[in-house]
Amino acid sequence: MLNKKVSALLNEQINKELYSAYLYLDMSNYFEQRGLNGFANWYYIQAQEERDHAMLFYRYMLNNGEAVTLEAIAKPDKIFKADMDVLQAGLEHEEYVTASINNIYAEASKIKDFRTMQFLDWFVKEQGEEETNAHELISKMELFGNDPRSLYMLNQELAARVYSAPSLTL
């Protein structure tokens, strides 16, 4: 059995991860409407990753004898007026998720819940990668986004991204 506070935070994280999937799907939709299928692909894969992250938290809770309470998933409320707005929102969201995971880790650490801390280690590393990817995408867009040919090439680069399921085993 997990500590009640840690269990509640893990349960909340499931909803946050599912919201993340919705948000990234919305971002993918934005780029589909703009005709930038590579950017749409990049965010579609982000949505898949977030859904899988939610399922990892879900399975971890069940494997530890905890009931999961699924909450309503909020509709993404961001309105994007420019491509860079989407990229900035993605970075801000990843920073929010990182803070949330760090909070769970801190609570688990306080009570010496080493199993949960070990489970979260993968997510801590993953969030570092997610923030790096978001920063790099923003940097590339700042460098190339105003030039149509460069934007086309960046779009092609993002179109080549393929989904790879997380390798975390529970």
Side-chain angles (χ1 to χ4, degrees), residues 9-10 12-60 72-106 117-170:
L9 291 170
L10 289 166
E12 287 174 18
Q13 192 64 33
I14 293 168
N15 198 65
K16 289 176 183 178
E17 298 290 342
L18 291 170
Y19 173 79
S20 297
Y22 267 35
L23 179 63
Y24 285 128
L25 202 55
D26 192 43
M27 292 173 174
S28 177
N29 187 50
Y30 168 86
F31 283 114
E32 284 288 350
Q33 301 305 312
R34 290 262 301 119
L36 292 168
N37 66 331
F39 282 83
N41 176 63
W42 200 86
Y43 283 104
Y44 182 80
I45 289 172
Q46 284 297 110
Q48 290 177 299
E49 284 186 3
E50 302 303 339
R51 181 201 61 223
D52 283 352
H53 294 171
M55 298 312 296
L56 289 169
F57 280 100
Y58 174 84
R59 179 52 45 202
Y60 180 77
I73 302 167
K75 177 182 176 183
D77 61 354
K78 298 276 185 188
I79 297 175
F80 307 116
K81 296 180 180 171
D83 298 342
M84 188 59 86
D85 293 346
V86 179
L87 279 58
Q88 290 286 353
L91 173 59
E92 290 168 13
H93 187 72
E94 289 302 337
E95 290 169 341
Y96 166 76
V97 171
T98 297
S100 180
I101 290 171
N102 289 345
N103 184 49
I104 302 168
Y105 198 101
M117 291 165 58
Q118 184 179 27
F119 168 72
L120 292 171
D121 282 342
W122 183 87
F123 288 96
V124 170
K125 181 178 182 253
E126 174 72 7
Q127 283 308 119
E129 292 172 7
E130 294 290 358
E131 287 186 27
T132 296
N133 290 340
H135 277 291
E136 287 177 358
L137 189 52
I138 288 169
S139 294
K140 288 177 181 181
M141 188 65 133
E142 287 172 343
L143 285 171
F144 307 122
N146 292 328
D147 175 51
R149 285 176 286 191
S150 296
L151 181 61
Y152 175 81
M153 290 175 64
L154 180 55
N155 188 62
Q156 293 302 106
E157 176 186 323
L158 298 177
R161 183 181 185 197
V162 294
Y163 180 67
S164 178
S167 61
L168 180 63
T169 56
L170 301 176

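What's counted below: heavy atoms across the whole structure, side chains too, no hydrogens, waters or symmetry copies. Worth saying up front: this structure is predicted, and the values here are computed from it rather than measured.
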Quiz item: Are the aromatic rings of Phe123 and Phe57 close, with centres under 6.0 Å apart?
Solution: yes
Quiz item: Does Ser28 reach the main-chain N or O of Tyr24 with its side chain, forming a donor-acceptor pair under 3.5 Å?
Solution: no
Quiz item: Do Glu94 side-chain atoms and Gln127 backbone N/O form a donor-acceptor pair below 3.5 Å?
Solution: no
Quiz prompt | Side-chain heavy-atom pair Asn133, Trp42 within 4.5 angstrom cut-off | solution = yes
Quiz item: Hey, are Asp147 and Tyr152 close enough side-chain-wise for a donor-acceptor pair under 3.5 Å?
Solution: no
Quiz item: From Ile104 CD1 over to Leu9 CG, what is the distance, rounded to the nearest 0.5 angstrom?
Solution: 5.5 Å
Exercise. Taking the side chain as every heavy atom from C-beta outward, state whether Tyr60 and Leu120 have any pair of such atoms under 4.5 Å apart.
Key: no
Quiz item: Which atom pair, heavy atoms only, marks the closest approach of Ala54 to Ile14?
Solution: CB-O, 3.8 Å
Quiz item: Between Lys125 and Glu129, is there a salt bridge with N-O shorter than 4.0 Å?
Solution: yes
Quiz item: Can you name the nearest heavy-atom pair linking Tyr96 to Lys16, along with the distance?
Solution: OH-CE, 3.2 Å
Quiz item: If you round to the nearest 0.5 Å, how far is CG of Leu151 from CG of Leu36?
Solution: 5.5 Å
Quiz item: If you draw a 6.0 Å radius around CE in Met84, do more than 12 non-hydrogen atoms from other residues or ligands fall strictly inside?
Solution: yes
Quiz item: Is any NZ, NE, NH1 or NH2 atom of the basic residue among Asp83 and Arg34 found under 4.0 Å from an Asp or Glu carboxylate oxygen of the other?
Solution: yes
Quiz prompt | Rounded distance (nearest 0.5 Å) linking atom OH of Tyr19 with atom CG of Asp26 | solution = 8.0 Å
Exercise. For the pair Tyr44 and Leu25, evaluate side chain to side chain contact (heavy atoms under 4.5 Å, CB included) and give the outcome as yes or no after the intermediate values.
Key: CA-CA 6 Å; Tyr44 182 80; Leu25 202 55; 3.7 Å; yes
Quiz item: Which pair of non-hydrogen atoms, one from Ala72 and one from Asn15, has the smallest distance, and what is that distance?
Solution: O-OD1, 3.4 Å
Practice problem: Give the intermediate values and the outcome of side chain to side chain contact (heavy atoms under 4.5 Å, CB included) for residues Glu126 and Glu49. | Solution: CA-CA 10 Å; Glu126 174 72 7; Glu49 284 186 3; 3.6 Å; yes
Quiz item: Knowing that exactly one of Glu130, His93, His53 qualifies, which makes a side chain to side chain contact (heavy atoms under 4.5 Å, CB included) with Ser20?
Solution: His93
Exercise. State which residue, out of Glu32, Glu157, Met141, Met27, fulfils the side chain to side chain contact (heavy atoms under 4.5 Å, CB included) condition with Phe39.
Key: Met141
Quiz item: Does atom OH of Tyr58 have more than 12 heavy-atom neighbours, drawn from other residues, nucleotides or ligands, at distances under 6.0 Å?
Solution: no
Quiz item: If you measure from OH on Tyr43 to CD on Gln48, what distance do you get to the nearest 0.5 Å?
Solution: 15.0 Å
Quiz item: What's the shortest heavy-atom distance between Leu23 and Lys78, and which atoms?
Solution: CD1-CG, 4.3 Å
Quiz item: Any donor-acceptor pair under 3.5 Å linking the side chain of Asn41 with the backbone of Leu158?
Solution: yes
Quiz item: Which pair of heavy atoms, one from Arg161 and one from Ile45, lies closest together, and at what distance?
Solution: O-CD1, 3.1 Å
Practice problem: Return yes if a side-chain donor-acceptor contact under 3.5 Å exists between Gln13 and Glu17, otherwise no. | Solution: yes
Quiz item: Looking at CG of Leu91 and OG1 of Thr132, how far apart are the two atoms once the value is rounded to the nearest 0.5 Å?
Solution: 10.0 Å
Quiz item: Side chain of Asp85, backbone of Phe80: donor and acceptor closer than 3.5 Å?
Solution: no
Quiz item: From Met55 CE over to Arg59 CZ, what is the distance, rounded to the nearest 0.5 angstrom?
Solution: 7.5 Å
